[in-house]
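This one's a predicted model, so the numbers in the text were calculated from it and none came from an experiment. We count residues from 1, following the sequence as given.
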Amino acid sequence: MKRHKFALLLLLSPLFGICADETPEATIRKVLAPHINPAVKIESVTATPYAGLYEVHAGGEILYTDKTATYLLVGAHVIDIASSQDLTSRRMEEINKIKFSDLPFESAVKLVKGNGKRVMAIFEDPNCGYCKRFRQTTLKEVDNVTVYTFMYNILSDDSAVKSANIWCSPDRNKAWDDWMVDGKAAPQAPANCKSPNDKVSELGHKLNINGTPAIFFADGTRTPGVIDLKTLEARLAGPVTK
């Protein structure tokens with residue numbers, strides 16, 4: 001389950017610290033700041049074209065509020081009824097888009113299937129049940145793809161240990177599949193073997209990855225969570241048409 005980084009906020013005083021000459025964006029930042037986890041940065045505050053709402057981008061998530069920050073909507077999605085488009089999901093995709101080629105592929109386990117022409121990157125925790133299901137079903141069926149797996153340890157204290165053992169194995173792909181598909185643990189890593197655990201952890205936090213699996217595609221877009229083969233094939237084919 002995804003955990004929000006924000007205090008559950010239903011009502012704030014619209015008069016708290018507000019100056020008459022402040023812009024709504026400045027007011028919202030000032031009012032919300034004390035109520036948000038100090039580790040979370042408010043990246044942007046933007047007026048939306050719908051219902052007088054303002055979009056607050058913080059911690060890789062989108063929240064909505066009014067111009068005085070009296071109310072805060074956490075976990076809400078705005079849907080365009082006429083077109084049935086999820087405007088929040090589309091906006092999240094825009095905000096969280098990355099430059100795929102900038103990923104540190106040397107810190108990932110590389111798997112080439114078929115001609116390997118299509119590319120994707122997955123952030124997975126070795127203790128993630130959803131990751132195991134995705135690898136045992138959807139990923140097993142896809143072909144002609146290069147998969148970069150970043151072992152992102154966020155679920156358990158021993159996740160980092162398992163990742164290090166797999167990274168230090170003679171055949172990392174086999175060791176990863178042995179564990180994720182068949183439940184066979186890798187041998188303990190030699191003391192002199194260094195894994196990229198810390199580097200991947202830092203990268204995951206920078207990319208605001210709060211759960212696994214998190215899948216990135218060549219166009220820089222991402223999909224959080226498990227997807228089926230049809231959806232994966234469509235995403236590997238190119239950008240999603242909205």
Side-chain angles (χ1 to χ4, degrees), residues 1-14 16-18 22-100 102-103 120-123 130 150 152 154 201-227 231 234-235 239-242:
M1 180 181 293
K2 188 175 183 180
R3 296 176 294 177
H4 286 288
K5 301 177 181 179
F6 311 96
L8 183 56
L9 204 65
L10 299 180
L11 179 64
L12 297 175
S13 170
F16 176 76
I18 297 177
E22 281 185 339
T23 64
E25 290 82 0
T27 294
I28 290 167
R29 283 181 178 274
K30 189 172 184 178
V31 175
L32 291 187
H35 299 273
I36 290 180
N37 187 324
V40 175
K41 178 183 177 183
I42 297 178
E43 301 290 347
S44 64
V45 178
T46 310
T48 74
Y50 28 86
L53 292 174
Y54 281 76
E55 171 196 292
V56 180
H57 174 216
E61 297 184 37
I62 287 178
L63 302 88
Y64 296 102
T65 187
D66 59 289
K67 67 179 180 179
T68 59
T70 304
Y71 300 96
L72 183 67
L73 301 178
V74 180
H77 279 239
V78 176
I79 308 296
D80 184 323
I81 294 178
S83 64
S84 298
Q85 290 185 352
D86 185 332
L87 300 180
T88 302
S89 291
R90 186 173 67 180
R91 180 69 177 133
M92 282 287 293
E93 188 169 277
E94 293 172 357
I95 288 174
N96 290 322
K97 199 169 184 178
I98 67 167
K99 187 176 180 181
F100 190 86
D102 284 349
L103 290 172
M120 60 187 290
I122 315 175
F123 284 72
Y130 291 108
F150 292 90
Y152 185 48
I154 59 173
S201 179
E202 182 179 348
L203 175 64
H205 289 306
K206 181 180 179 181
L207 296 178
N208 292 310
I209 300 174
N210 302 316
T212 54
I215 308 168
F216 290 82
F217 299 95
D219 64 355
T221 58
R222 74 176 75 184
T223 294
V226 175
I227 55 177
T231 303
R235 297 303 299 270
V240 176
T241 302
K242 295 288 185 177

task: Under the side chain to side chain donor-acceptor pair (under 3.5 Å) rule, collect the residues that match up with T231, sequence neighbours excluded.
output: D228

Heavy-atom donor-acceptor pair, T221 side chain to K97 backbone, under 3.5 Å: no

- request: Please identify each residue that fulfils ring pair (Phe, Tyr, Trp, His ring centres under 6.0 Å) with F216, with sequence neighbours left out.
  value: F123

query: Which of these passes side-chain contact (heavy atoms from CB on, under 4.5 Å) with R91: I62, D86, V78?
result: I62

field: Side chain proximity check, R235 to I215, heavy atoms < 4.5 angstrom
entry: no

- request: Return the set of residues passing ring pair (Phe, Tyr, Trp, His ring centres under 6.0 Å) with Y54 (not counting sequence neighbours), or none when no residue passes.
  value: none

- prompt: Taking only residues two or more places apart in sequence or in another chain, which ones pass side-chain contact (heavy atoms from CB on, under 4.5 Å) with K99?
  reply: S101, D102

task: Go through the steps for E93 and R90 under the test salt bridge (Lys or Arg N to Asp or Glu O under 4.0 Å), then give the verdict.
output: CA-CA 5 Å; E93 188 169 277; R90 186 173 67 180; over 6 Å; no

query: Which residues satisfy the side chain to side chain donor-acceptor pair (under 3.5 Å) test with R222, sequence neighbours excluded?
result: none

field: Partners meeting side chain to side chain donor-acceptor pair (under 3.5 Å) with T88 (sequence neighbours left out)
entry: Y64

message: Within this structure, what is the CG-CG distance for the pair D80 and L87, rounded to the nearest 0.5 Å?
response: 5.0 Å

query: Rounded to the nearest 0.5 Å, how far apart are CD of E22 and CD1 of I28?
result: 10.5 Å

